[in-house]
Amino acid sequence: MSGFLAVLVVVLIFVVIFQIAKASEYVSILKGEKKARQQSNRVNGTLLIVFLVLGLIGVYYCHDVLSAKFLFLSASEQGEGIDNMIVWTLAITGVVFVITQILLFWFSFKYQEKEGQKAFYFPHNNKLELIWTVIPAIALTILVAIGLRHWFRITSDAPKEAAVIEITGKQFNWLIRYPGKDGQLGRKFFKNINDANNPVGQDWDDQLNKDDFMATEMHMVVGKPVKLIIGSRDVIHDVGLSHFRLKMDAVPGIPTTLWFTPKYTTAEMKVKTGNPDFVYEISCDQMCGSGHYSMKANIVVETQEEFDAWTAKQVAQYGVAHPAPAAPEAPAADSASAEKTVAVNAGK
């Protein structure tokens with residue numbers, strides 16, 4: 001029934017539009033085509049000005065209403081530069097957008113068809129062509145160059161003191177591996193993957209794997225550079241670190257890297273944001289399947305002492321995959337033999 005009503009409404013709308021068009025045609029015939037066209041241009045020109053004013057008010061209102069939902073300040077040193085780049089990009093493109101839209105709508109209103117007003121024939125001007133081609137090209141080149149500078153910075157070699165963390169995307173969660181005390185991650189091979197006790201396929205013949213451990217959340221030390229080694233087990237994911245203003249694709253078979261330096265601990269961000277429940281998050285910024293929405297993990301930024309205390313509690317994945325054999329149970333004491341022994345000892 002609801003489908004029938006929807007079709008009926010659509011048909012009625014088409015009938016109304018058709019009748020309006022026919023009525024306009026009759027009015028044009030009665031008034032004369034030129035007069036009707038001028039009247040139509042006047043109405044359209046006025047509506048364009050109204051649309052321009054309402055549109056600009058709407059843009060300001062949306063910004064005012066949604067500004068509270070903007071992400072808080074960048075939580076990484078590298079993110080500050082990226083924030084500045086975005087602000088400059090929005091400022092430059094915003095000014096150009098507002099000026100061009102005002103000119104576009106104002107010209108449509110001012111130079112509408114009127115009695116005694118004749119269009120000025122202006123086919124070409126080399127100077128103007130040069131200005132509106134070269135200036136935007138220079139501006140865009142500068143913006144792209146600034147973007148590349150930040151990109152090369154976060155994807156360059158990490159500082160030697162950087163902590164190494166491996167993160168692997170999997171439908172639909174993140175697998176996080178730490179190198180342990182030796183500071184080096186062991187080899188892995190995709191044929192070794194086993195969801196029961198070897199989710200990233202560690203090669204147990206590699207001694208470097210003996211102290212690597214897996215974690216359900218990512219821990220890092222404030223003020224210490226972190227190098228992420230990013231991969232995927234299945235499809236293309238994307239490590240989204242919105243609080244740090246970073247993201248990087250996770251591609252099967254092609255490890256990618258980025259590094260950054262966290263500026264504030266989780267506890268400090270709770271104070272700065274006024275949100276006692278604040279947590280840093282890792283999201284998947286690439287549509288990766290039906291469970292994409294659930295690919296979330298938490299990040300804990302803490303002091304070196306807190307980080308050391310946390311790592312001390314972690315169990316190496318090798319120990320999980322190779323649990324120590326249970327100690328054999330002690331044979332049950334033979335009560336009859338014991339009583340006999342006691343009786344013999346008593347008789348001596």
Side-chain angles (χ1 to χ4, degrees), residues 76 151 154-158 162-220 225-260 262 279-301 307 310-311 313-323:
S76 72
W151 174 256
I154 64 174
T155 57
S156 63
D157 293 337
V164 176
I165 305 174
E166 180 189 77
I167 179 167
T168 304
K170 166 184 173 293
Q171 292 178 316
F172 294 97
N173 61 1
W174 296 105
L175 306 170
I176 302 168
R177 181 165 65 127
Y178 281 82
K181 293 181 181 178
D182 59 15
Q184 299 183 65
L185 292 167
R187 290 193 306 268
K188 59 181 187 178
F189 187 49
F190 73 95
K191 288 188 176 180
N192 295 336
I193 291 176
N194 177 353
D195 279 328
N197 53 32
N198 193 1
V200 295
Q202 290 174 259
D203 179 1
W204 301 129
D205 293 331
D206 185 0
Q207 295 300 313
L208 295 177
N209 271 317
K210 296 296 173 62
D211 61 350
D212 293 0
F213 63 87
M214 306 293 297
T216 55
E217 60 185 9
M218 186 179 291
H219 284 241
M220 55 185 68
V226 178
K227 177 184 178 182
L228 297 185
I229 300 176
I230 301 167
S232 171
R233 268 183 42 171
D234 34 50
V235 300
I236 296 178
H237 301 279
D238 191 294
V239 177
L241 305 167
S242 55
H243 297 103
F244 304 96
R245 308 295 193 266
L246 301 169
K247 68 194 292 291
M248 176 64 77
D249 281 350
V251 184
I254 305 176
T256 51
T257 64
L258 64 82
W259 73 272
F260 62 99
V279 289
Y280 290 117
E281 293 182 356
I282 305 171
S283 61
C284 180
D285 290 355
Q286 185 86 301
M287 289 295 292
C288 60
S290 59
H292 162 74
Y293 67 92
S294 63
M295 286 197 66
K296 169 183 171 293
N298 291 341
I299 297 176
V300 179
V301 181
F307 179 79
W310 174 75
T311 54
K313 299 176 184 176
Q314 306 307 307
V315 178
Q317 192 64 25
Y318 182 85
V320 176
H322 302 84

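Just so it is clear, the values below take in all heavy atoms, side chains as well, and ignore hydrogens, waters and symmetry mates. We number each residue from 1, following the sequence as shown.
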Pair R245-F260, side chain to side chain contact (heavy atoms under 4.5 Å, CB included): steps then yes or no: CA-CA 10 Å; R245 308 295 193 266; F260 62 99; over 6 Å; no
Atom pair CG (D234) and CZ (F190), whose distance is rounded to the nearest 0.5 Å: 13.5 Å
Trace of the salt bridge (charged side-chain N to carboxylate O under 4.0 Å, His left out) decision for K181 with D211: CA-CA 7 Å; K181 293 181 181 178; D211 61 350; over 6 Å; no
Criterion salt bridge (charged side-chain N to carboxylate O under 4.0 Å, His left out) on D212 and K188, from CA distance to verdict: CA-CA 11 Å; D212 293 0; K188 59 181 187 178; over 6 Å; no
Evaluation steps, side chain to side chain contact (heavy atoms under 4.5 Å, CB included), between M214 and V320: CA-CA 10 Å; M214 306 293 297; V320 176; over 6 Å; no
Heavy-atom pair with the smallest gap, counting every atom of D157 and W259: O-NE1, 3.7 Å
With sequence neighbours excluded, residues passing ring pair (Phe, Tyr, Trp, His ring centres under 6.0 Å) with H322: W204, Y318
Backbone of G291 reached by a side-chain donor or acceptor of Q171 within 3.5 Å: no
Partner residues of Y280 under the ring pair (Phe, Tyr, Trp, His ring centres under 6.0 Å) criterion, sequence neighbours left out: H243, F244, F278
L175/R233 under side chain to side chain contact (heavy atoms under 4.5 Å, CB included): CA gap, chis, key distance, verdict: CA-CA 10 Å; L175 306 170; R233 268 183 42 171; 3.8 Å; yes
NZ (K227) with more than 12 external heavy atoms under 6.0 Å: no
Neighbour count above 12 (heavy atom, 6.0 Å) for D195 CG: yes
Main-chain N/O of A297 paired to E217 side chain as donor or acceptor, under 3.5 Å: no
M248 CE to I154 CD1 distance, which is reported to the nearest 0.5 Å: 5.5 Å
Rounded distance (nearest 0.5 Å) linking atom CD1 of I230 with atom CD1 of I165: 10.5 Å
From T257, L246, T256, L241, residue fulfilling side-chain contact (heavy atoms from CB on, under 4.5 Å) relative to L228: L241
Exam field: side chain D249 to backbone V251, donor-acceptor pair closer than 3.5 Å: no
Non-hydrogen atoms of F172 and S294 that approach each other most closely: CB-OG, 3.6 Å
Smallest separation among heavy atoms of S232 and A250, with atom names: CB-O, 3.5 Å
Under 3.5 Å donor-acceptor, N194 side chain and N198 backbone: no
Between R177 and N209: side-chain donor-acceptor atoms closer than 3.5 Å: yes
Main-chain N/O of Q286 paired with H237 side-chain donor or acceptor, under 3.5 Å: no
Distance, nearest 0.5 Å, that separates OG1 of T311 from NE2 of H219: 10.0 Å
Heavy-atom pair with the smallest gap, counting every atom of E281 and I299: O-CD1, 4.3 Å
Contact list for residues 282-293, test salt bridge (charged side-chain N to carboxylate O under 4.0 Å, His left out), sequence neighbours left out: none
Atom of I236, atom of C288 and distance for their closest heavy-atom approach: O-CB, 3.9 Å
Candidate pair M220 and F307, rule side chain to side chain contact (heavy atoms under 4.5 Å, CB included), full reasoning: CA-CA 7 Å; M220 55 185 68; F307 179 79; 5.8 Å; no
Nearest atoms (heavy-atom pairs only) where I176 meets M218: CD1-N, 3.7 Å
